[in-house]
4 protein chains.
Amino acid sequence: MEFNKHQSIYLQIADFICENVMTEKWPSDEKISSVRELAANMEVNPNTVMRAYSQLQDEGIIYNKRGIGYFVSEGASKKIKDMEKEDFINNELPKIFKKMKMLNIKFSELEELYNKTSNGKTNIS
Amino acid sequence: MEFNKHQSIYLQIADFICENVMTEKWPSDEKISSVRELAANMEVNPNTVMRAYSQLQDEGIIYNKRGIGYFVSEGASKKIKDMEKEDFINNELPKIFKKMKMLNIKFSELEELYNKTSNGKTNIS
Amino acid sequence: MEFNKHQSIYLQIADFICENVMTEKWPSDEKISSVRELAANMEVNPNTVMRAYSQLQDEGIIYNKRGIGYFVSEGASKKIKDMEKEDFINNELPKIFKKMKMLNIKFSELEELYNKTSNGKTNIS
Amino acid sequence: MEFNKHQSIYLQIADFICENVMTEKWPSDEKISSVRELAANMEVNPNTVMRAYSQLQDEGIIYNKRGIGYFVSEGASKKIKDMEKEDFINNELPKIFKKMKMLNIKFSELEELYNKTSNGKTNIS
DNA sequence: GTGGTCTAGACCACC
DNA sequence: GTGGTCTAGACCACA
């Protein structure tokens, strides 16, 4: 895994896990990789993975069975989706729209770009 | 000036300058505040301002006349706009669209939100 | 390490590193001294070393693994050589030749001097 | 006049004057531009020109007649030539040769480059 | 342990 | 007056 240098690694790992949970690639009550295993895969210090897991546990996304490992919480997928959606609409979108105005990007251009990126992936729908 | 604690001060100063240059509030060849002066205004250490100035000089946004001060470069406004636009389209938008898909937000919803935020500013005036 | 007073210390440190990289005394992906360690060795403030490292990182000569340290970039040796060679041929040589003309030094004299300095090192060994 | 940003302006002005003296474009006992005049031409602070003149006066390259102006000293041309030649041979050349070795530039390449730059300018001689 | 940022204060060369 | 560099020492986030 490659890391963006402008964000801490543990947050990027947490995001990576969230994505897998949200898309239900890792469904509820599934055991996720052990700290050491994931650390080895990602070529990262186990402490760093641990920190990501702790944070997700605090947020209720995953839970821990002592001596066994970490598991995806019931309803975690929906929970993440709701949180992210709220953040997206209330915090991110306003910034995006503001930036578009500053850069003189019209909404119609956005539509064009959206259609371009969608093509080839979402045929027929 | 108030600073966001999640980004370094010198970068926020650089952004602040970029905004003034981009909007041409500070036109080409205009002298900008001296290091010490800006530092005093912002209640910040001169070294911190210096760091912002140095970076902007490296990027060609401002230039220095020795013993006199820093000045806005020719064409800096356009340069910043181009850089930001490129970054927006190539880096930010793909992330946004990806997120929208994950969150099942349709483009039509985006349009709605856009129109909402635009109202009150662009109507009748 | 002793520093020349006509050039800033951080630049001399950067040059020192470049030399070690160029001659491949420090090969690719080798970890270089930590900021504090080098600062202690050179009896210099860590900030000063940091500044040298930052600049070299901007130039792509070294890279950073967070929390671990700085490493020599892939191909840095060749990169430095190319940069220096280009500078030598395009910027330094023209000045040298111009000076020679002004001082009425013929190319044959240069050759003589070159052979003199080479002697003692390349003869018989 | 355009100034190199890596050397102080007053030194570049001094060099400029030396060149004119050395090539005898400005012969002995010729009056040179007044401080103000040169400063205006070069778009530079008069203090900066003054500093260059002072240094050249200290070195005996020019002399001052109070109330009248600065003049080129007797034998200044030869004097400069001798100083520069000595410096060139004893200080600059060794550095140049050292650099050539580091960059694997052979003397024959130097010869080639020399012949290239000389052509077109020194025809027939 | 690592780097990264910031402060306070100093000194210098230069304009 | 301007910028540029350096020091000493602090604090923080991160691995």
Side-chain angles (χ1 to χ4, degrees), chain A residues 3 5-13 35 39 42-52 54-55, chain B residues 3 5-13 31-40 42-55 57 62-71, chain C residues 3 5-13 31-40 42-55 57 62-71, chain D residues 3 5-13 35 39 42-52 54-55:
Chain A
F3 296 105
K5 67 175 191 179
H6 297 300
Q7 194 184 17
S8 18
I9 294 180
Y10 84 94
L11 287 176
Q12 295 182 56
I13 293 175
V35 171
M42 294 194 159
E43 295 176 311
V44 136
N45 188 308
N47 284 329
T48 309
V49 174
M50 191 59 219
R51 197 161 172 179
S54 297
Q55 173 160 325
Chain B
F3 297 106
K5 63 169 251 195
H6 295 300
Q7 194 185 18
S8 18
I9 296 180
Y10 82 93
L11 287 177
Q12 295 182 55
I13 294 176
K31 181 176 182 308
I32 66 180
S33 308
S34 81
V35 172
R36 301 190 219 281
E37 194 183 345
L38 191 58
M42 295 196 159
E43 297 178 308
V44 135
N45 188 291
N47 282 326
T48 307
V49 174
M50 188 65 215
R51 191 162 179 186
Y53 279 18
S54 295
Q55 174 161 325
Q57 183 174 228
I62 61 180
Y63 64 94
N64 177 261
K65 283 191 192 169
R66 274 176 301 176
I68 303 179
Y70 280 93
F71 297 76
Chain C
F3 296 106
K5 64 169 251 193
H6 295 300
Q7 194 184 19
S8 16
I9 296 180
Y10 82 93
L11 287 177
Q12 296 182 54
I13 294 176
K31 182 177 181 308
I32 66 180
S33 308
S34 81
V35 171
R36 302 190 218 283
E37 195 184 345
L38 191 58
M42 295 194 158
E43 296 177 309
V44 137
N45 187 292
N47 284 326
T48 307
V49 173
M50 187 65 214
R51 191 162 178 186
Y53 279 18
S54 295
Q55 173 162 325
Q57 183 173 229
I62 61 180
Y63 65 94
N64 177 261
K65 283 190 193 170
R66 275 177 300 175
I68 303 180
Y70 281 94
F71 296 76
Chain D
F3 297 104
K5 66 174 190 182
H6 296 300
Q7 195 186 16
S8 20
I9 294 180
Y10 83 95
L11 287 177
Q12 295 183 56
I13 293 175
V35 171
M42 295 194 159
E43 295 176 312
V44 135
N45 189 307
N47 285 327
T48 308
V49 174
M50 190 59 220
R51 196 159 172 183
S54 297
Q55 173 160 326

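Quick note on labels: first sequence line is chain A, next is B, and so on, each numbered from 1. If you're wondering where the values come from, they're calculated on a predicted model, not measured in any experiment.
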* Structure fact -> In 5'-to-3' order, the base (B), backbone-only (S) or no-contact (-) status of each nucleotide in nucleotides 5-15 of chain F, using a 4.0 angstrom heavy-atom cut-off, is BBBBB----BS
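Looking at C/Ser34, its side chain does come within 3.5 Å of a backbone N or O of C/Glu37 through a donor-acceptor pair.
Here the closest heavy-atom approach between residue C/Gln12 and residue C/Gln7 is recorded as NE2-O, 2.6 Å. Annotation for A/Ala39 and A/Asn45: closest pair CB-C, 4.2 Å, computed over non-hydrogen atoms.
C/Tyr70 comes within contact range of the sugar-phosphate backbone alone, with a heavy-atom separation under 4.0 Å but no base atom that close.
Summarising the geometry, atom CE belonging to C/Met42 is positioned 11.0 Å from atom OG1 belonging to C/Thr48; distances are rounded to the nearest 0.5 Å. Taking NZ of C/Lys31 as the reference point, atom OH of C/Tyr70 lies at 11.0 Å (rounded to 0.5 Å).
To the nearest angstrom, C1' of E/dG1 lies 14 Å from CG of C/Asn64. Note: NE2 (D/His6) to P (E/dC14) measures 15 Å, nearest angstrom.
The closest side-chain heavy-atom distance from A/Ile9 to A/Arg51 is not below 4.5 Å. Between A/Ile13 and A/Phe3 there is a side-chain heavy-atom pair separated by less than 4.5 Å.
Using cut-offs of 30° and 60° on the angle between ring planes, the pair B/Tyr63 and B/Phe71 is parallel.
Pairing analysis of DNA chain F (Watson-Crick: purine N1 to pyrimidine N3 plus N6-O4 or O6-N4; G-U wobble: N1-O2 and O6-N3; both under 3.5 Å) yields stems of 3 or more pairs at E:1-14 with F:1-14.
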